[in-house]
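To start, the structure under review is shown below, and the notes come after it.
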Amino acid sequence: MNITEHNANGVVYLTADGFRAAGGVAHGFSTRLGGVSEGIYASLNLGLNRGDDPAAVEENFRRFCAAVGTNVHSLAFSRQVHGDTVRTITAADAGKGLDSPVDYEADALITDVPGVALTVFTADCLPILLYDPVRRVAGAVHAGWRGTALGVVTRAVDRMVDCYGCERLDILAAIGPGISKCCFETHEDVPNAMTEAMGAAALPYIQVLPSGKFRLDLKGLNVRRLESAGLTQEHIAVSDDCTACLPEKYWSHRVTRGERGSQAAMIALV
Ligand SMILES: [Zn+2]
């Protein structure tokens, strides 16, 4: 399954071919391009709590939602805490984030309610969208290295099965733009967390550098997580875009040292 880039009135975003082919879902991964924010937030900043003008962020959401095909008043955000909590989103959560406060913490959102647009925010961490076109269930996951070690994407798949009766072989997954192995250099705490959590299965995704530091392939680790969760390889798409390599196209938390806007990944059943 491949990832395709689109440009809708200047809003540049990515989608997974398999999701589009299956139909019944609106989804997209945002880039920096196509919004109205200025300075370090230029231009399509979708992060509300990063110091940008709230009116500009709302306009950016209108543009991104129009491009993707979602309703700007039916978004469901969450307070992301690098954990592995999965929240089942109901109609009562629609609007939490942009229209009303978010009253829960979670790094994975799943739902079977049409129209609600599950939204996660990233700027190096991985956005992962999940879609079961048979049972009609959607998921959105925020996975940094802590979430990857905790297996947040595995927990999301498990909850889709337990809560909504999804079959693992029906589930499609798309890993969006995030920091790639080329740029994710770490100390030993990160590879240690991976091998503690995943054992030898993590080793192919860890490179030891001559400096004694490490490079980790977070995208590969999450593909491995998804395969272990029962998804087939053909149902997993991975964006090649590295947020740290492409500063004109994406915000990277590392590159900007935190002075940045945010990308969003969004999915809604239609
Ligand atoms: Zn890179």
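Ligands are counted one by one from 1 in listed order, and the atoms in each one are counted from 1 as well.
Using modelled atom types, one side-chain atom of Arg79 and one backbone atom of Val102 make a donor-acceptor pair closer than 3.5 Å.
With waters left out, the protein N, O or S atoms under 2.8 Å from the Zn ion (ligand 1) add up to 4.
Figure legend: cation-pi geometry between Arg87 and Tyr104, with NZ or CZ positioned under 6.0 Å from the six-membered ring centre and within 45° of its axis.
Within a 6.0 Å sphere centred on CD of Glu5, heavy atoms belonging to other residues, nucleotides or ligands number more than 12. For Asp240, the CG atom is loosely surrounded, since the number of other residues' heavy atoms within 6.0 Å does not exceed 12.
Using a 4.0 Å cut-off between charged nitrogen and carboxylate oxygen, Asp112 and Arg135 do not count as a salt-bridge pair. Between Arg62 and Glu59 there is a salt bridge, with a side-chain nitrogen of the basic residue lying less than 4.0 Å from a carboxylate oxygen of the acidic one.
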